[in-house]
Amino acid sequence: MNDLRPATVNDGEDLRAAGAKAAAIVAGHLAGVADRPVWQPVPAADRAWLSDQELPETGRPLEELLEDARAHVLPHPMGNGHPRFFGWVNSPPNPAGVLVEPLAAALNPSCAGGDHAGPHLERAVVRWLAELVGFPHRPGGGLLTSGASMATVICLAAARQRAALADGWDAREEGLSGRPPMVMYVTEEGHSCLHKAAQLLGLGARHVRTVPVDAAHRMDVSALRAMVAEDLQAGLRPFCVAGSAGTVNSGAVDPLGEIADVAAEHGLWFHVDGAYGALGILADGASPHYAGLERADSLALDPHKWLGVPVGCGCALLRDPAAARAAFSLVPSYLIDDNAGELGWFAEYGPEQTRPFRALKTWATLSHLGRSGIVSLVNHTAGLARTLAAMVEEAADFELLAPVTTSITAFRYRPHDGDGLEALNRAIPGAVQARGNAFLTGTRLGGGETLRACFLHPDTTERDLAVLLDEIRLAAKSLQT
Ligand SMILES: Cc1ncc(COP(=O)(O)O)c(C=O)c1O
């Protein structure tokens with residue numbers, strides 16, 4: 001053995017044995033998820049073990065580490081592997097995606113670029129994702145990211161640079177000062193990552209306009225048109241409108257075709273946040289809601305949401321790959337690759353230089369499901385959201401708050417018409433979570449406290465929906481007594 005390596009790092013048989021043990025732990029964990037509480041608070045002793053431990057002076061054997069992980073890490077999940085986890089937008093991991101994670105780590109490439117498996121496979125999965133949702137794809141027209149937040153930064157940076165270049169200046173070279181403020185348009189239902197990206201890119205929060213929504217929480221496009229006209233009149237530079245294909249609150253899909261018309265009229269970059277909901281286009285009868293998606297300049301779509309690719313994997317899809325390259329390409333002498341070909345390196349299309357091998361888990365997940373499996377998953381989960389909505393409408397003590405377009409049901413508990421409903425609905429998610437039988441989260445929709453259940457798990461059943469409503473009733477009772 002090489003003297004410089006810690007004594008605990010073994011080759012051959014020891015690694016094989018530890019690997020087999022790791023595989024058994026993973027399989028055991030996944031098989032048992034549904035029989036355990038959805039979530040439980042981490043007890044103080046385990047929290048201390050996790051957060052306060054000291055770095056060991058000498059290395060520890062692999063098997064011992066696996067035992068520790070089994071005993072102290074796996075018992076404390078966030079809950080999203082469980083079929084009754086309905087919180088935020090967090091899916092269970094697809095088993096194929098889980099299984100190939102060690103393979104990606106074993107290769108451990110940087111997918112910045114180059115001629116190795118990672119970048120080539122990334123080209124395929126990006127194309128698959130575009131094809132799945134009907135977004136026009138050109139070679140190089142997208143890249144995998146940590147999630148939609150980073151995808152959004154990439155898309156908006158491309159939009160910003162395109163607008164500057166169209167006006168005869170270079171935002172990367174000059175910065176933004178002294179230029180008419182660039183203005184972007186999103187609805188109040190637009191995800192916070194759109195605002196963060198705009199702030200990060202120096203646009204200024206005050207130049208992100210909030211476009212009103214209609215009763216179904218979709219962008220009011222006539223209001224958008226009026227706001228753009230007003231900003232032009234005021235000498236500002238409208239440059240981008242961001243629509244949502246599946247909002248985080250209610251799953252609403254904006255009128256994308258009408259937004260595309262306004263974008264075309266005014267030369268705006270049309271971005272679509274389809275991080276969660278773009279795949280909803282695959283549900284039976286859903287495609288008319290998405291008409292216009294294919295006209296977007298950019299689309300954020302997260303494989304780590306509806307598809308269940310293990311976290312984190314987002315994707316930025318770009319109609320014109322050159323726009324992202326113009327916003328990010330910076331190739332120092334030590335990274336020049338004469339064999340890179342026309343498209344260059346992935347690192348030229350975004351801010352990340354060293355990039356993990358995200359394509360392998362995405363490829364494995366997509367391949368394991370196949371197109372028909374993806375369509376079934378989307379149909380199954382969208383159907384659950386509609387069924388819950390019907391149950392809510394039928395129940396005297398619940399109220400539906402939004403139409404179901406994707407796989408989110410937004411509703412509230414209304415056991416009476418008196419005071420206190422806002423506070424009650426605000427407190428319900430935490431109380432449900434603490435009971436451990438279901439997990440849902442809340443939000444505010446149209447100014448009111450709202451419960452929302454997001455369906456992404458292939459194993460969730462209609463029986464689980466009844467459990468959820470009963471859990472809400474029981475949690476509310478515990479809060480009122
Ligand atoms: C609609 C929507 N957009 C964007 C995001 C941000 O995605 P990420 O957390 O992958 O950065 C989310 C996250 O839930 C989302 O639901």
Side-chain angles (χ1 to χ4, degrees), residues 78-80 85-93 97 129 133 142-157 184 186-201 208 213 217-219 240-254 256 259 271-281 289-290 293 296 298-317 350-352 355-356 358 361-362 365 378 381-382 385 402 404-410 439-445 450 452-457:
M78 172 177 154
N80 49 321
F85 183 93
F86 308 118
W88 305 293
V89 186
N90 294 101
S91 47
L129 291 168
V133 299
L143 65 164
L144 300 180
T145 60
S146 57
S149 301
M150 185 50 73
T152 305
V153 168
I154 291 170
C155 296
L156 298 191
M184 170 174 146
V186 303
T187 73
E188 66 196 64
E189 295 299 311
H191 193 270
S192 57
C193 74
L194 292 159
H195 296 269
K196 281 193 188 178
Q199 291 167 24
L200 181 69
L201 292 166
V208 180
V213 291
H217 311 284
R218 305 161 79 225
M219 185 182 284
C240 175
V241 56
S244 297
T247 59
V248 64
N249 278 340
S250 71
V253 178
D254 283 328
L256 303 175
I259 300 174
H271 174 72
V272 174
D273 178 4
Y276 147 61
L279 285 162
I281 196 172
H289 294 294
Y290 289 79
L293 177 96
S298 57
L299 171 67
L301 190 172
D302 270 356
H304 70 194
K305 292 194 165 68
W306 218 330
L307 285 169
V309 171
V311 170
C313 190
C315 182
L317 294 171
E352 283 182 299
R355 303 173 69 250
R358 300 179 177 111
K361 58 187 174 182
T362 311
T365 301
V378 170
T381 45
V404 174
T405 324
T406 45
S407 70
I408 293 176
T409 314
F439 193 112
L440 94 161
T441 50
T443 187
R444 291 182 70 81
L445 195 58
T450 300
R452 61 178 283 295
C454 178
F455 299 96
L456 301 168
H457 203 303

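Counting starts at 1 for both ligands and their atoms, following the listed order.
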### Summary
At under 4.0 Å between heavy atoms, what of Ala275 touches ligand 1? The answer is side chain

### Backbone N/O of Val253 and side chain of Arg218: donor-acceptor pair under 3.5 Å
yes

### Close side-chain approach of Leu143 to Glu352, heavy-atom, < 4.5 Å
no

### Task
Enumerate the atoms of ligand 1 whose separation from the nearest heavy atom of Ser149 is less than 4.0 angstrom.
6 (C), 7 (O), 8 (P), 11 (O)

### Task
Run the numbers for me: atoms of ligand 1, each under 4.0 Å from some heavy atom of Gly246, listed by number.
1 (C)

### Query
Can you list the ligand 1 atoms lying under 4.0 Å from a non-hydrogen atom of Gly147?
10 (O), 11 (O)

#### Entry: Contacting atoms of ligand 1, where contact means under 4.0 angstrom from a heavy atom of His304
10 (O)

### Query
Leu194 and His271: side chain to side chain contact (heavy atoms under 4.5 Å, CB included), yes or no, with the steps?
CA-CA 10 Å; Leu194 292 159; His271 174 72; 3.8 Å; yes

### Query
Are the side chains of Thr247 and His217 in touch, meaning some heavy atoms are under 4.5 Å apart?
no

### Query
Hey, does Cys193 sit under 4.0 Å from ligand 1 if you only count heavy atoms?
yes

### Query
Between Trp306 and Tyr276, how do the two ring planes meet: parallel, tilted or perpendicular, split at 30° and 60°?
parallel

### Query
Nearest protein heavy atom to atom 3 (N) of ligand 1, by residue and atom, and its distance?
Asp273 OD2, 2.7 Å

### Message
Does any part of the side chain of Asn90, heavy atoms only, come nearer than 4.5 Å to the side chain of Met78, both counted from C-beta?
### Response
yes

#### Entry: For atom 10 (O) of ligand 1, closest protein heavy-atom neighbour
Asp302 OD2, 2.7 Å

### Message
If we set the cut-off at 4.0 Å for heavy atoms, which region of Lys305 has an atom near ligand 1: side chain, backbone, both, or neither?
### Response
side chain

### Task
Distance to 0.1 Å, residue and atom name: give those for the protein heavy atom nearest to atom 12 (C) of ligand 1.
His191 NE2, 3.2 Å

#### Entry: Matching residue for Asn249 among His191, Glu189, Arg444 - test: side chain to side chain donor-acceptor pair (under 3.5 Å)
Glu189

